[in-house]
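Here's the structure, in structure tokens; my notes come after.
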Amino acid sequence: MGTPRVFIIRHGETEWSLNGRHTGITELPLTANGEKRIRATGRAMVGNDRLIVPKKLAHIYVSPRRRAQRTFELLGIRKKDEALPWDRHGSADDDAPNHSPCAAGVEVTEDIREWDYGDYEGITSAEIREIRKREGLPGTWDIWRDGCPGGESPEQVTERIDRLIKDIRERWQAACFSRAKDEAAKEPGDVLIVAHGHILRAFAQRWVGHTLQEGPTFLLEAGGVGTLSYEHHNINEPAILLGGAFIVDIVEEKEEELKKKAKKIEELES
């Protein structure tokens, strides 16, 4: 896979995600089941022959919220002897196995924190509709169109997402497109983002140039993984990758087989 990809992972389950309460700035831990499912995601999705290959990662962005950082810890991607840019929220013994080396840096950025819900923090969509009805506000509330009073508007969210997309393309992926696809495949070019439901859905919208007001028709479950990339190995053709294939590095496998054969011959001759 020579065309770089961006993997977006929503944090694991929390008590508020279970009951539909909007969680922006509130710090909540993952539930026990949430942690268990993220560890399973790490085992299934991360590794040399998996969807997310650590050695192919060029950079990692994580939200400043604890639930996203804990989710990243449990994926088992970062080398254990390297410090994270935050104090760990759990034991390293809980991490999923680290299947291969990862040289990518981990960056905490406000640009991928969850949508600021303002006055709607901690309440459900049904409760929001009731509040707006009492206030005499017309129509049905739609965060993609209306934003949140006391919080962020779609325009404000768009501004910070666009800044992050520009950073990803210029710093980590542009160089991949200056080389042939097979050559680009030999170097790290993938990016991983661990964040939140609304902001990652908004990120996917802006990745392909859609406005937030158009509204996404896709979902991202707690602990879910999405993939974005480009068509025709062209940085000017960003796309949502509906079905990402696991990577099997045939060249490296053949090289390893040759090394084993050579070693066996040496042993027989000695």
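On a predicted model such as this, the values are computed, not experimentally measured, just so you know.
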Does a salt bridge link [X] with [Y], judged by any charged N lying under 4.0 Å from a carboxylate O?
X	Y	value
Glu110	Arg113	yes
Arg179	Glu187	no
Arg67	Glu114	no
Arg88	Glu73	yes

Subject >> Aromatic ring pairing Trp172/His59, orientation class (parallel under 30°, perpendicular over 60°, tilted between) >> reply: parallel

Original post:
Angle class for the His22/Trp141 ring planes (parallel below 30°, perpendicular above 60°, tilted otherwise)?
Top reply: perpendicular

Original post:
With no hydrogens and no angle check, is any side-chain donor or acceptor of Gln69 less than 3.5 Å from a backbone partner on Pro64?
Top reply: yes

**OP:** Please check if the side chain of Arg206 supplies one atom and the backbone of Ile161 the other of a donor-acceptor pair under 3.5 Å.
**Re:** no

Original post:
Given Trp115 and His196, is the ring pair (Phe, Tyr, Trp, His ring centres under 6.0 Å) satisfied, shown in steps?
Top reply: CA-CA 8 Å; Trp115 198 307; His196 314 269; over 10 Å; no

Original post:
Mind checking whether Val108 and Leu74 sit in one hydrophobic cluster, side chains of I, L, V, M, F, W, Y counted as touching below 4.5 Å?
Top reply: yes

Original post:
Quick one: do Ile9 and Trp86 end up in the same hydrophobic cluster if we chain Ile, Leu, Val, Met, Phe, Trp and Tyr together by side-chain heavy atoms under 4.5 Å apart?
Top reply: yes

Subject >> Test log, rule side-chain hydrogen bond (donor to acceptor under 3.5 Å, both in side chains), inputs Gln213 and Glu155 >> reply: CA-CA 9 Å; Gln213 287 80 359; Glu155 292 76 19; 3.0 Å; yes

Can you spot which of [options] makes a side-chain contact (heavy atoms from CB on, under 4.5 Å) with [X]?
X	options	result
Tyr61	Leu192, Asp167, Val6	Asp167
Val191	Leu228, Leu57, Ile168, Ile8	Ile168
Ile199	Ile112, Ile193, Leu164	Ile112

Original post:
Is the Lys NZ or Arg CZ of Arg169 less than 6.0 Å from the centre of Trp207's six-membered ring, within 45° of the axis?
Top reply: yes

Original post:
Judged by modelled atom types alone, do Thr26 and Glu121 share a side-chain donor-acceptor pair under 3.5 Å?
Top reply: yes

Original post:
Which atom names give the shortest non-hydrogen contact between Pro4 and Gly189, and what distance separates them?
Top reply: CB-O, 3.2 Å

Subject >> Shortest non-hydrogen contact between Lys56 and Ala185, atoms and distance >> reply: NZ-O, 2.5 Å

**OP:** Apply the test side-chain hydrogen bond (donor to acceptor under 3.5 Å, both in side chains) to residues Arg21 and Tyr117: give CA-CA distance (whole Å), side-chain angles for both, the deciding distance (0.1 Å), then the verdict.
**Re:** CA-CA 11 Å; Arg21 297 169 69 180; Tyr117 297 117; over 6 Å; no

